[in-house]
Amino acid sequence: MQAKKRYLISLLTGAFLVLLFYFGGVVPGPAATGSRSRHGYNRPEQPWPHFSDPLQHLSPWDHSDTEDYNVHISPRQKRDVNSSVYKGKRCRMQSCFDFSLCQRNGFKVYVYPQQKGEKISESYQNILSTIEGSRFYTSDPGQACLFVLSLDTLDRDQLSPQYVHNLKTKVQSLPLWNNGRNHLIFNLYSGTWPDYTEDLGFDIGQAMLAKASISTENFRPNFDVSIPLFSKDHPRTGGDRGYLKYNTIPPFRKYMLVFKGKRYLTGIGSDTRNALYHVHNAEDVVLLTTCKHGKDWQKHKDARCDKDNAEYEKYDYREMLHNSTFCLVPRGRRLGSFRFLEALQAACVPVMLSNGWELPFSEVIDWNTAAVIGDERLLLQIPSTVRSIHQDKILALRQQTQFLWEAYFSSVEKIVLTTLEIIQDRVLQQTSRSNLMWNSHPGGLFTLPHYSSYLGDFPFFYAELGIKPNPKFTAVIHAVTPLVSQSQPILKLLVSVARSQYCAQIIVLWNCDKPLPAKHRWPATSVPIIVIEGENKVMSSRFQPYDSIISDAVLSLDEDTVLSTTEVDFAFTVWQSFPERIVGYPARSHFWDNNKERWGYTSKWTNDYSMVLTGAAIYHRYYHFLYSHFLPSSLKSMVDQLANCEDILMNFLVSAVTKLPPIKVTQKKQYKETMMGQVSVDN
């Protein structure tokens with residue numbers, strides 16, 4: 001009996017092994033065919049059998065369209081599904097970007113010509129117009145370092161009317177595509193109902209993504225750029241300023257924490273918004289949701305919908321936004337939300353509840369200084385968390401929201417230029433901006449690293465570094481008339497300025513059509529006089545960043561300006577206290593002319609002013625660099641064609657950078673003739 005049992009067991013065991021070998025579960029052969037791992041066991045060279053059945057050709061997206069698949073999918077499978085969106089998942093600048101294209105002509109960006117018949121959204125047109133109007137743009141692809149498609153890639157939701165069909169074929173047919181190498185793709189919406197994956201509907205190859213609502217799983221560090229989700233009404237240029245008008249102390253508002261938005265009953269993004277009612281107290285924490293959205297919302301409404309909808313209608317969103325200390329920013333169907341930018345502008349500190357969202361411009365912005373980063377799983381702890389934040393910290397957070405909004409987010413132009421500047425910093429690493437430049441006033445867009453990488457060379461960081469500007473100035477006198485008499489105002493001006501104890505040197509910018517005067521025609525002074533011929537004899541040449549300017553301060557003068565040495569010294573000592581601003585004598589005001597329906601400009605003496613003319617003004621030499629390298633060429637061309645208004649443009653530039661007005665200093669109450677006589681007596 002025992003022998004029969006042993007026989008049956010042996011027979012079954014043998015049959016099992018035969019079946020196992022037949023189906024490829026074990027690869028017979030010597031142990032030497034495997035490789036030894038660091039743990040000491042043998043690993044076969046083919047660790048998993050290859051099955052050649054018809055299922056191998058199915059795309060993973062066929063599975064992810066069903067709810068059952070989403071329920072049972074593992075985190076690893078989900079990452080694999082998402083990563084199939086980017087075949088260049090491992091791309092980094094070193095592996096998928098050709099730096100040699102940038103070495104020849106610097107960081108230049110080429111926009112493909114728009115193709116006939118291709119629809120393009122207003123938002124994407126604003127992006128392209130910004131690039132084409134920037135200093136980075138080139139119309140020659142041979143000079144380009146970076147390429148941007150004219151095909152609209154912003155909305156890749158297949159249910160959207162803005163969705164561009166057959167994009168895969170169109171992109172692959174582009175002659176310069178090169179598998180996406182050195183290309184930048186902008187995207188606001190990706191994926192569609194029900195799972196809203198980050199699928200763009202075409203293979204981006206080795207292209208970089210400037211994408212809204214991008215997850216940390218799919219974000220390729222130092223390669224992609226996370227951008228904010230913005231609406232079609234977001235202004236192309238300019239944009240409104242933030243709403244923190246005053247540094248109110250204490251910084252508390254009517255509400256502590258608010259939110260008003262859609263409630264999703266099921267599906268992705270529904271968990272957090274469905275739970276907000278647990279935290280809502282209708283007093284200082286007002287979190288409102290409504291089910292009333294979509295065509296068939298009533299078919300799916302739950303027992304709480306009617307109450308939520310009624311409560312929702314009681315409050316005005318704008319009133320809540322402008323009267324709350326903190327604003328909740330939960331995820332929607334996608335990770336990003338319009339609430340993010342709305343909260344920033346309103347100086348309402350964003351409380352982020354969107355796990356896995358790579359925050360906008362996270363590569364350069366320290367969001368811990370402007371937002372509270374929460375966790376969706378700890379929703380019930382949010383009220384106690386924000387209540388525990390000290391009022392000094394709240395004020396600092398609110399101030400930083402205003403800086404970030406105005407520096408990087410208030411317009412499409414700023415969002416696009418910030419994206420390009422981040423990429424340029426990667427390409428030109430030796431002249432990239434520091435973290436302080438990005439996160440403190442005036443921000444990275446106005447702090448150009450190819451001027452200097454040392455913070456002390458910029459007028460904005462003196463106080464923070466505990467240093468002072470150079471104690472001398474360089475006078476730049478703009479000369480446009482020939483030198484025919486020794487009594488001309490320019491000669492007397494030279495003497496007065498040279499006598500200043502703070503004058504290091506004088507530069508005469510010769511923008512006259514006549515030849516340069518002989519050296520002996522200029523007066524003898526205790527400081528060097530350098531005569532430079534203006535570039536092309538145009539007005540903008542007076543603001544060129546000449547290498548001859550060796551001091552931080554520039555005293556800009558017209559040739560007919562009348563100033564005494566005392567007045568020069570006084571203006572300079574005032575400027576030393578305000579080195580980031582224009583300080584000077586002649587003031588002007590601009591105003592809105594209702595009759596002509598346009599802006600006017602007056603020199604009348606009034607109790608206010610908005611500009612200080614550069615005919616007698618002191619400012620930091622960095623503004624010469626900004627004028628030449630930052631301003632659009634169209635503005636400088638207008639000034640050169642008019643042969644005027646260059647001082648208006650410089651005032652607008654400095655005010656745009658500093659958000660501060662110029663400072664007017666007052667001359668002695670004497671008429672010009674008297675002052676000129678005084679100068680001659682002093683001589």
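We number each residue from 1, following the sequence as shown.
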Side-chain donor-acceptor contact under 3.5 Å, Gln162 with Glu122 = no

Taking the six-membered ring for Trp, are Phe186 and Tyr124 parallel (under 30°), tilted (30 to 60°) or perpendicular (over 60°)?
-> perpendicular

Side chain to side chain, Phe630 and Leu653, heavy atoms closer than 4.5 Å | yes

Any chance NZ of Lys468 has more than 12 other-residue heavy atoms, nucleotides or ligands included, within less than 6.0 Å?
-> no

Any side-chain heavy-atom pair of Val372 and Met352 under 4.5 Å = no

For the rings on Tyr623 and Phe543, is their centre-to-centre separation under 6.0 Å?
-> no

Would you check if the side chain of Ser410 reaches a backbone N or O of Gly239 as a donor-acceptor pair within less than 3.5 Å?
-> no

Quick one: does Ser324's side chain have a donor or acceptor within less than 3.5 Å of a partner on Met320's backbone?
-> no

Side chain to side chain contact (heavy atoms under 4.5 Å, CB included) partners for Ser362, two or more places apart | Glu358

Is it true that a side-chain atom of Arg581 and a backbone atom of Pro661 form a donor plus acceptor pair closer than 3.5 Å?
-> yes

Do Phe340 and Trp367 make the cut of ring centroids closer than 6.0 angstrom?
-> yes

Residues which pass salt bridge (charged side-chain N to carboxylate O under 4.0 Å, His left out) with Arg387, listed by chain and number, not counting sequence neighbours | Asp284

Test Tyr622 against every option in Tyr454, Phe458, Phe461, Phe446 by the ring-ring contact (aromatic ring centres under 6.0 Å, His included) rule and name the one that passes.
-> Phe458

Under 4.5 Å between any side-chain heavy atoms of Lys292 and Lys262, yes or no?
-> no

Say you draw a straight line from OG of Ser637 to CG of Leu642; how long is it, rounded to the nearest 0.5 Å?
-> 10.5 Å

For Met256, does the CE atom sit with more than 12 other heavy atoms under 6.0 Å from it, leaving out its own atoms?
-> yes

Verify the distance criterion only: is there a donor paired with an acceptor across the side chains of Ser160 and Asp155 at less than 3.5 Å?
-> yes

At their closest point, which heavy atom of His624 faces which heavy atom of Val554, and how far apart are they?
-> NE2-CG1, 4.1 Å

Compute the centroid of each ring, for His450 and then for Phe625, and state whether the two points are separated by less than 6.0 Å.
-> yes

Assess the side chains of Arg331 and Thr272: does a donor N or O sit below 3.5 Å from an acceptor N or O?
-> no

Would you mind reporting whether Gln641 and Met539 have side-chain heavy atoms less than 4.5 Å apart?
-> no

Do you see a donor-acceptor pair shorter than 3.5 Å between the side chains of Asn470 and Ser551?
-> no

Enclosure of Lys664 NZ (heavy-atom neighbours >12, cutoff 6.0 Å) = yes

Side chains of Ile415 and Ile127 in contact at under 4.5 Å (non-hydrogen atoms) = no

Does the side chain of Leu445 reach to within under 4.5 Å of the side chain of Thr418, using non-hydrogen atoms?
-> yes

Checking side chain to side chain donor-acceptor pair (under 3.5 Å) for the pair Asp640/Ser540: CA distance, chi angles, key distance, verdict?
-> CA-CA 6 Å; Asp640 293 339; Ser540 293; 2.9 Å; yes

Can you say whether the rings of Trp438 and Tyr408 are parallel (under 30°), tilted (30 to 60°) or perpendicular (over 60°)?
-> tilted

When you check the side-chain N and O atoms of Gln125 and Ser129, is any donor under 3.5 Å from an acceptor?
-> yes

Taking the side chain as C-beta and beyond, is there a heavy-atom pair between Asp593 and Glu597 under 4.5 Å?
-> no

Tyr627 versus Leu649: any side-chain heavy-atom pair under 4.5 Å?
-> yes

After noting the C-alpha distance and the side-chain angles of Asp425 and Arg433, does the key distance pass the salt bridge (charged side-chain N to carboxylate O under 4.0 Å, His left out) rule?
-> CA-CA 7 Å; Asp425 273 8; Arg433 298 164 179 82; 2.8 Å; yes

Side chains of Tyr255 and Glu283: donor-acceptor distance under 3.5 Å anywhere?
-> no

Does a donor on one side chain and an acceptor on the other come within less than 3.5 Å for Ser215 and Glu198?
-> yes

Begin from the C-alpha positions of Lys211 and Ser190 and carry the test side chain to side chain donor-acceptor pair (under 3.5 Å) through to its verdict.
-> CA-CA 9 Å; Lys211 190 179 188 316; Ser190 62; 2.9 Å; yes

State whether the side chain of Arg426 and the backbone N or O of Phe223 hold a donor-acceptor pair below 3.5 Å, judged by distance alone.
-> yes

After noting the C-alpha distance and the side-chain angles of Arg135 and Glu421, does the key distance pass the salt bridge (charged side-chain N to carboxylate O under 4.0 Å, His left out) rule?
-> CA-CA 11 Å; Arg135 68 183 188 279; Glu421 294 282 6; 2.5 Å; yes

With distance as the sole criterion, is a donor-acceptor pair present between the side chains of Asn355 and Trp357 under 3.5 Å?
-> no

For the student: nearest non-hydrogen atoms of Glu413 and Gly238, plus distance = OE1-N, 4.4 Å

Atom NZ of Lys232 with >12 non-hydrogen neighbours under 6.0 angstrom = no

Salt bridge or not for Arg542 and Asp647, using N-O below 4.0 Å?
-> no

Salt-bridge test for Lys254 and Glu319: reply yes if a basic N is under 4.0 Å from a carboxylate O, no otherwise.
-> yes

Please name all residues satisfying salt bridge (charged side-chain N to carboxylate O under 4.0 Å, His left out) with Asp392, sequence neighbours left out, ordered by chain then number.
-> none

Less than 6.0 Å separating the ring centroids of Phe230 and Phe338?
-> no

Do the ring planes of Phe652 and His590 sit parallel (below 30°), tilted (30 to 60°) or perpendicular (above 60°)?
-> tilted

Smallest heavy-atom separation, Thr153 atom then Asn187 atom, equals O-ND2, 3.0 Å

Would you please indicate yes or no on a ring centroid separation below 6.0 angstrom for Tyr619 and Trp575?
-> no

